[in-house]
4 protein chains.
Amino acid sequence: MKDKKAAVLAATLELISEQGFHGTPMSQIAQKANIGVGTIYRYFPSKENLINELYIHVKARLASYVFKNYIENMPVRKSFLHLLRTIVDYFLKNPIDFLFMEQYATSPLITVATRQEGLRMFEAATKLFIRAKEEELIKDLPLDLINTFTYGATRSLVSMYLFSDDKPSDEILNEGIVAIWDGIRK
Amino acid sequence: MKDKKAAVLAATLELISEQGFHGTPMSQIAQKANIGVGTIYRYFPSKENLINELYIHVKARLASYVFKNYIENMPVRKSFLHLLRTIVDYFLKNPIDFLFMEQYATSPLITVATRQEGLRMFEAATKLFIRAKEEELIKDLPLDLINTFTYGATRSLVSMYLFSDDKPSDEILNEGIVAIWDGIRK
Amino acid sequence: MKDKKAAVLAATLELISEQGFHGTPMSQIAQKANIGVGTIYRYFPSKENLINELYIHVKARLASYVFKNYIENMPVRKSFLHLLRTIVDYFLKNPIDFLFMEQYATSPLITVATRQEGLRMFEAATKLFIRAKEEELIKDLPLDLINTFTYGATRSLVSMYLFSDDKPSDEILNEGIVAIWDGIRK
Amino acid sequence: MKDKKAAVLAATLELISEQGFHGTPMSQIAQKANIGVGTIYRYFPSKENLINELYIHVKARLASYVFKNYIENMPVRKSFLHLLRTIVDYFLKNPIDFLFMEQYATSPLITVATRQEGLRMFEAATKLFIRAKEEELIKDLPLDLINTFTYGATRSLVSMYLFSDDKPSDEILNEGIVAIWDGIRK
DNA sequence: CATGAATGAGAATTCATTCAT
DNA sequence: CATGAATGAATTCTCATTCAT
């Protein structure tokens, strides 16, 4: 049943975001997912594999949301702002996903292969940057730099929103996104 | 002896950055530090305390490096670029410190008190942002946002440099830093 | 399975009586009970809890033996002698239970709650003393005193029998019990 | 220096009575005795030896108190009552000594040799019982029985006094002691 | 003699994983 | 397929004892 696998992933995400990987026993995951411990092992060969699959799962969900209404051939600046805005939206709506990504993006538990698979889902964004460079709209910096820079700044935006006591308005978020664009544009 | 405490901190930093907190047993730390397991507990009451002290230690080392040649009353833009450049320099020279900060900046293992103590060491930077706002040189966004944005973007810069195969030149790093400034300046 | 819990209790009783609580590692208990160490923790949350449950267990077994053929309304003296005789019998047949009770009756490891639960099992004896006082058959001393005095003297009897080289005859034991009665009777 | 040895014994007695043998680290004893840990080992080869010497020490102190004004040739009953009364007095004045004896009288930590040495200090009491038997004042029971019986009952007396909320009067204590005599007299 | 820093063996406890039902 | 009792390797931490100063 797909049901059980999904239940395990959901339970793991919630528990792990709060308690961390090592603070969350398989038994607790099983309990939250309303299945037996042994059953988890029908779907995931090990706990390590489970968290890696969860990483892919969460990243795929984000990508699917982000690219749902994304149109490839719109003007670069508009695409860029739309993309960032959608990412921010998603994380504000799904803070647990954000917490999870923050913690496991750099964790040694996530294998190189997993991380690469996660990156592949955002190739459309890379294409956009390439186009931007060709159209000479952004600084002449390495693509990688543009990429991480953009994502890093976006994370900061979300993080500040989620953890600060006085939530910034929608407008300020937009200004923040524009600031990122200002950072890379020519 | 101060020797042993320092040896424990050094060993922990190195091991924990690669293997994570839970992937690093106390016995391994002891071995790498060339002391007995029990000795660690003469200096640190628990493993949790050890990592919190290490956090302070690393952050203090960074702050000391960053503010060594920092002059409070220089023009804002110059100060800003100098500050970011020094941070980047430090992390490129001490990649393990960077990996450690990346992993534990958001980890629940680091207590609120520890994090606050860490922040206090960078008050000079906050002062600079306040001055920048007063002089109306940067966008009218919340200080927190400016702050996390700046640090987030800086991290991306370092991260890209450390993990990409074709290391960007010194010039490109400078351009990256300027890009950050462009992001927040008016 | 009830089997394993019982096996753990039996193993613990035997080992702890000889070696003491702190002289008996959980691993040894597991080995003697023919189970894995972890299995003990399925039945007892901690070593401290284990010894407290064992205390109840042993005391319940004693009470069940002692009151099996006990009839409430027999003459006081007869009841008294019967009771003491049965206690002595039980301990002579189960010397390990005696050793265990001797060591843990006063130990700080046994919680107040556990001790109280143990006392409740011997309320019938207290009733007998009350009746004895009402019938003015025994000295006019506080009940507590009568109680501890009686039990203390009984313990001595058992202890002497178990550890002396020339075991006293059945008759002598009876005389000993009568001596206790003589101590408290008017 | 005799000073230090005595200080160690005093510190150990106090700490061990409250916290138990295994709950009391050597370092704590050293601290309470105002000496270095290593120094303990100049006077006692091991922790086990320390507790055995303490046992002897406490028992000797009790014996010295009990037999201080004891006259060998007084009438048996008077001697007996005096002896018991003095024991009770001592323990009421030194409850820690009582707690210690109660806990370690049956503990596997005290070696057989130590226990025997402790018994030897009370030979005068045994002599009294022999005389009592010769004069046919007490029941014709084995000496050992008389002995343990008497001591067991005395312990109960003290224990009840120390732990009950409504302390029995001096008179009641005397009655209790008489009850013990009544138990063994012909 | 006195000290206390250093040590590492040993203890309780946890938890991923297996496998008989 | 699903289960969860059983397992024991692995982990953190304590503390008696040693020995260089």
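In what follows, chains are A, B, ... by sequence order, proteins preceding strands, each numbered from 1.
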message: Using a heavy-atom cut-off of 4.0 Å across all strands, would you classify Ile35(D) as base, sugar-phosphate, or nothing?
response: sugar-phosphate
Hits for side chain to side chain contact (heavy atoms under 4.5 Å, CB included) against Ala7(B), two or more places apart or cross-chain, chain-then-number order -> Ala33(B)
Rounded to whole Å, the CD-C1' distance (Gln28(B) to dA10(F)) equals 13 Å
Within a strict 4.5 Å, meaning less than it, do heavy atoms of the Lys5(C) and Glu53(C) side chains meet?
-> yes
- Inter-nucleotide P distance (dT21(F), dC1(E)), Å rounded: 22 Å
Separation of dA12(E) atom P from Ile51(C) atom CD1, nearest Å, is 12 Å
Name each donor-acceptor pair under 3.5 Å that joins a side chain in residues 8-24 of chain B to protein atoms two or more places apart or in another chain, with its distance.
from, atom 1, to, atom 2, distance (Å)
Thr12(B), OG1, Val8(B), O, 2.7
Ser17(B), OG, Leu13(B), O, 2.6
Gln19(B), OE1, Thr24(B), OG1, 3.2
Thr24(B), OG1, Gly20(B), O, 2.7

The ring-ring contact (aromatic ring centres under 6.0 Å, His included) partners of Phe100(C) (sequence neighbours excluded) come to Tyr104(C)
- Message: For a 4.5 angstrom cut-off between non-hydrogen side-chain atoms, does Arg155(B) reach Phe98(B)?
- Response: yes
Got a list of side-chain donor-acceptor pairs under 3.5 Å for residues 109-118 of chain D, not counting sequence neighbours?
from, atom 1, to, atom 2, distance (Å)
Thr111(D), OG1, Thr114(D), N, 3.1
Thr111(D), OG1, Thr114(D), OG1, 2.9
Thr114(D), OG1, Asn52(D), OD1, 2.6
Arg115(D), NH1, Ala105(D), O, 2.1
Arg115(D), NH2, Ser107(D), O, 3.0
Arg115(D), NH2, Ile110(D), O, 2.8

The ring-ring contact (aromatic ring centres under 6.0 Å, His included) partners of Tyr55(A) (sequence neighbours excluded) come to none
Taken to the nearest whole Å, CD1/Ile40(D) to P/dC1(E) is 17 Å
In whole angstroms, the gap separating C1' of dC1(F) from NZ of Lys4(A) amounts to 8 Å
From CG of Asp3(B) across to C1' of dA5(E) the rounded distance in Å is 13 Å
For nucleotides 11-21 of chain F, 5' to 3', base contacts (B), sugar-phosphate-only contacts (S) and non-contacts (-) with protein non-hydrogen atoms under 4.0 Å give SSBB-SBB---
Residues at least two apart in sequence or cross-chain that pass ring-ring contact (aromatic ring centres under 6.0 Å, His included) with Tyr65(A), listed by chain then number, are Tyr90(A)
Note, DNA chain F 5' to 3' with Watson-Crick or G-U pairs under 3.5 Å encoded as ( ), [ ], | and . gives .||||||||||||||||||||
Asn34(B) CG to dA6(E) C1', in whole Å, measures 14 Å
Taken to the nearest whole Å, CD/Gln31(D) to P/dT3(E) is 13 Å
Arg61(B) meets the salt bridge (Lys or Arg N to Asp or Glu O under 4.0 Å) criterion, sequence neighbours left out, with Asp97(B)
Check this one for me: any side-chain N or O of Tyr43(A) less than 4.0 Å away from OP1 or OP2 of dA2(F)? yes
